[in-house]
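Scope of the values below: all heavy atoms of this structure, side chains included, with no hydrogens, waters or symmetry mates.
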Amino acid sequence: MDTVTIKDIARALNLSTSTVSRALRGSYEINPETKRLVLEYAERLNYRPNPIALSLKGSSSRAIAVIVPQIANYFFSQAINGIEAIAYNRGYHVIIFQTHESYEREVANVQQALSRKVDGLLISLSSETSDVEHLRELLDRNMPIVQFDRVSTELNTTKVVADNFAGSFAATEHLIKAGRKRIAHLTIPPWISITQERLAGYRAALEQYGLEYDESLVRYGTFGPDEATTMVDELLAQSPPPDAFFTASDRLALGALAALQRRKIAIPQDVSLIGFTNLNVADLLSPSLSTVVQPAQEIGQIAAERLIELIERKQKAAPPSTIVVPSHLSVRESTRRTEE
């Protein structure tokens with residue numbers, strides 16, 4: 001089949017090539033109905049912009065960099081799917097970098113992205129990153145940047161995040177309503193934005209239901225191997241021990257599940273377990289795992305859309321804002337208490 005061009009679409013819909021071109025770019029000058037017609041027709045014919053032709057028109061490389069802590073993480077792999085879907089439809093290449101939770105690697109990734117002459121940058125900060133000067137320098141040079149998931153409030157950029165506070169509140173509230181009173185929270189390093197938001201949701205739920213916040217029930221991980229086992233052991237040694245565990249990541253959820261099962265602790269009869277996780281096998285685990293699910297793909301799509309708008313509209317783009325995407329609670333066996 002011959003490659004479909006803008007001219008083909010214009011001829012079929014009886015529109016000018018410039019109208020079709022602007023509609024495909026998502027231009028605000030084109031009325032929504034025309035835009036919808038063009039996009040639907042282009043999708044039906046599997047039209048794809050030619051990035052090489054587009055980059056020859058100007059200094060644009062038609063490439064965007066995505067910097068994430070780790071690709072082998074359900075949340076980030078789903079977010080990347082969302083980013084790539086939008087970028088592909090808009091004629092952009094995606095170059096992916098991993099920091100492996102290292103600040104030094106993040107700085108090196110940013111430099112490498114610049115050397116590739118990318119048009120913009122999507123970033124989720126590493127767990128070691130507290131100094132964001134390397135990104136502030138890019139903003140000073142007018143590089144379009146959108147932060148997602150793990151963000152810094154020190155940078156005046158658009159931020160796309162899950163509603164971590166509400167998700168954490170809902171998970172804690174669910175445990176309290178199931179009769180749990182000593183709820184342990186296993187989380188990631190305290191300076192990361194999502195850690196603070198999730199801890200705040202956990203504390204707010206305890207407060208609302210008249211339960212005292214006990215700092216000894218909170219454990220901060222460092223992304224070390226098998227650290228959930230140590231956390232669970234320390235918490236179970238308390239008197240009285242926790243009757244529920246609420247984890248803030250995939251890794252900690254699976255680690256806590258394995259640690260509790262090794263100790264022959266019945267879930268959910270003896271303790272409840274719930275996790276912030278996008279594990280697509282959560283319902284296949286034994287017991288199936290109650291989760292707070294983040295809309296990772298949607299976060300990736302929105303972040304990519306906002307970045308491309310910044311690249312193409314520059315000063316006319318919407319000003320920096322924080323976009324909060326709702327998370328949702330999925331209740332499964334690990335927190336369902338059988339009637340006494």
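A distance of 6.0 Å separates CG in L285 from CG in L254, rounded to the nearest 0.5 Å. In this structure, CG on N164 lies 15.0 Å from CZ on F169, to the nearest 0.5 angstrom. Note that CG of L206 is 5.0 Å distant from CD1 of I176, once rounded to the nearest 0.5 Å. The CD1 atom of I30 sits 8.5 Å away from atom CG of L15, with the distance rounded to the nearest 0.5 Å. Rounded to the nearest 0.5 Å, atoms CD1 (I274) and CD1 (I267) are 12.5 Å apart. The CD atom of Q78 sits 10.5 Å away from atom CD1 of I80, with the distance rounded to the nearest 0.5 Å.
In this structure, T187 contributes its side chain and Y220 its backbone to no donor-acceptor pair below 3.5 Å. Of the possible polar contacts, none joining the S21 side chain to the T17 backbone as a donor-acceptor pair under 3.5 Å is found. Without hydrogens or angle criteria, Y47 side chain to I9 main chain gives no donor-acceptor distance under 3.5 Å. A side-chain donor-acceptor contact under 3.5 Å links E333 to the backbone of S288. Between the side chain of Q301 and the backbone N or O of I86 there is no donor-acceptor pair closer than 3.5 Å. Within the 3.5 Å criterion, the main-chain N or O of S286 finds a donor-acceptor partner in the side chain of Q261. With hydrogens and angles disregarded, no donor-acceptor distance shorter than 3.5 Å links the side chain of K117 to the backbone of A113. For W191 (side chain) and S127 (main-chain N/O), a donor-acceptor pair under 3.5 Å exists by modelled atom type. A donor-acceptor contact shorter than 3.5 Å is absent between the side chain of T172 and the backbone of A205. Using modelled atom types, no side-chain atom of Q70 and backbone atom of Q98 make a donor-acceptor pair closer than 3.5 Å.
Checked against the 6.0 Å centroid criterion, the rings of H134 and Y103 qualify as a close aromatic pair.
Residue Y92 comes nearest to A63 through the heavy atom pair CD2-N, 4.0 Å, listed as atom of the first residue, atom of the second, then distance. Nearest heavy-atom pair, I83 versus V94, reported as atom, atom and distance to 0.1 Å: CG2-CG2, 4.3 Å. The minimum heavy-atom distance linking I308 with A87 is given by the pair CD1-CA, 4.2 Å. Closest approach of P326 and D163 over heavy atoms only: CA-CB, 4.2 Å. Across all non-hydrogen atoms, the minimal contact from F165 to A204 is CZ-CB, 3.6 Å. Contact record, P319 with T158: O-OG1, 4.2 Å, taken as the closest heavy-atom pair.
With 3.5 Å as the limit, one finds no donor-acceptor pair spanning the side chains of E101 and S126. For R180 and S272, the side-chain atoms include at least one donor-acceptor pair closer than 3.5 Å. The closest side-chain donor-acceptor pair between E227 and T222 falls under 3.5 angstrom. A donor atom on one side chain and an acceptor atom on the other are not found under 3.5 Å apart for S290 and H174. Counting only N and O atoms by type, the side chains of S61 and R116 include no donor and acceptor under 3.5 Å apart. A donor atom on one side chain and an acceptor atom on the other are found under 3.5 Å apart for Y209 and E173.
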Residues V66, F97; criterion side-chain contact (heavy atoms from CB on, under 4.5 Å); working and verdict: CA-CA 6 Å; V66 179; F97 299 90; over 6 Å; no
side-chain contact (heavy atoms from CB on, under 4.5 Å) evaluation trace for L273 with T247: CA-CA 8 Å; L273 175 64; T247 69; 4.1 Å; yes
Check against salt bridge (Lys or Arg N to Asp or Glu O under 4.0 Å), E309 and R306: CA-CA 5 Å; E309 185 197 353; R306 292 302 296 268; 3.5 Å; yes
Criterion salt bridge (Lys or Arg N to Asp or Glu O under 4.0 Å) on E154 and R136, from CA distance to verdict: CA-CA 9 Å; E154 291 176 34; R136 197 177 285 112; 3.4 Å; yes
Chi angles and distances behind the side-chain contact (heavy atoms from CB on, under 4.5 Å) call for L121, L138: CA-CA 10 Å; L121 173 65; L138 293 193; 3.9 Å; yes
Full working for side-chain contact (heavy atoms from CB on, under 4.5 Å) between M143 and V118: CA-CA 9 Å; M143 165 68 84; V118 296; 4.2 Å; yes
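Clustering of Ile, Leu, Val, Met, Phe, Trp and Tyr side chains at separations under 4.5 Å leaves L37 isolated, with no partner residue.
L307 and Y88 are assigned to two separate hydrophobic clusters, defined by single-linkage of ILVMFWY side chains at heavy-atom distances under 4.5 Å. One hydrophobic cluster holds both V292 and I194 under the rule that ILVMFWY side chains link at heavy-atom gaps under 4.5 Å. At a threshold of 4.5 Å between side-chain heavy atoms, the hydrophobic network of Ile, Leu, Val, Met, Phe, Trp and Tyr places I123 and I302 in two separate groups. Hydrophobic clustering (side-chain heavy atoms under 4.5 Å, transitive across Ile, Leu, Val, Met, Phe, Trp, Tyr) groups F246 together with Y213. In terms of hydrophobic clustering, with Ile, Leu, Val, Met, Phe, Trp and Tyr side chains grouped at heavy-atom distances under 4.5 Å, F223 and V218 are assigned to a common cluster.
Taking a 6.0 Å sphere around CD of E212, one finds it holds 12 or fewer heavy atoms contributed by other residues, nucleotides or ligands. Heavy-atom contacts from other residues, nucleotides or ligands closer than 6.0 Å to CZ of R262 number more than 12.
You'll find the side chain of I183 stays beyond 4.5 Å of the side chain of L217, heavy atoms only. Annotation: side chain of L186 is in contact with side chain of V232 (closest heavy-atom distance under 4.5 Å). Contact of the P69 side chain with the S124 side chain is registered, since non-hydrogen atoms from C-beta on lie closer than 4.5 Å. Looking at heavy atoms from C-beta onward, S334 lies out of side-chain contact with P268 at the 4.5 angstrom threshold. Inter-residue side-chain proximity for T291 and L279 is flagged as unmet; no heavy-atom pair is nearer than 4.5 Å. Side chains of I64 and I311 form a contact here, defined as non-hydrogen atoms less than 4.5 Å apart.
Under the 4.0 Å criterion applied to side-chain N and carboxylate O atoms, R44 and E40 are not assigned as salt-bridge partners. The pair R90-E312 meets the salt-bridge criterion, with a side-chain N (NZ, NE, NH1 or NH2) lying under 4.0 Å from an Asp/Glu carboxylate O.
Sorted by first and then second residue, the side-chain hydrogen bond (donor to acceptor under 3.5 Å, both in side chains) pairs with a member in residues 231-244 read R182-Q238, R219-E234, D233-R263; sequence neighbours excluded.
For the pair R198 and F276, the cation sits on the ring face: its NZ or CZ lies under 6.0 Å from the ring centre, inside 45° of the axis.
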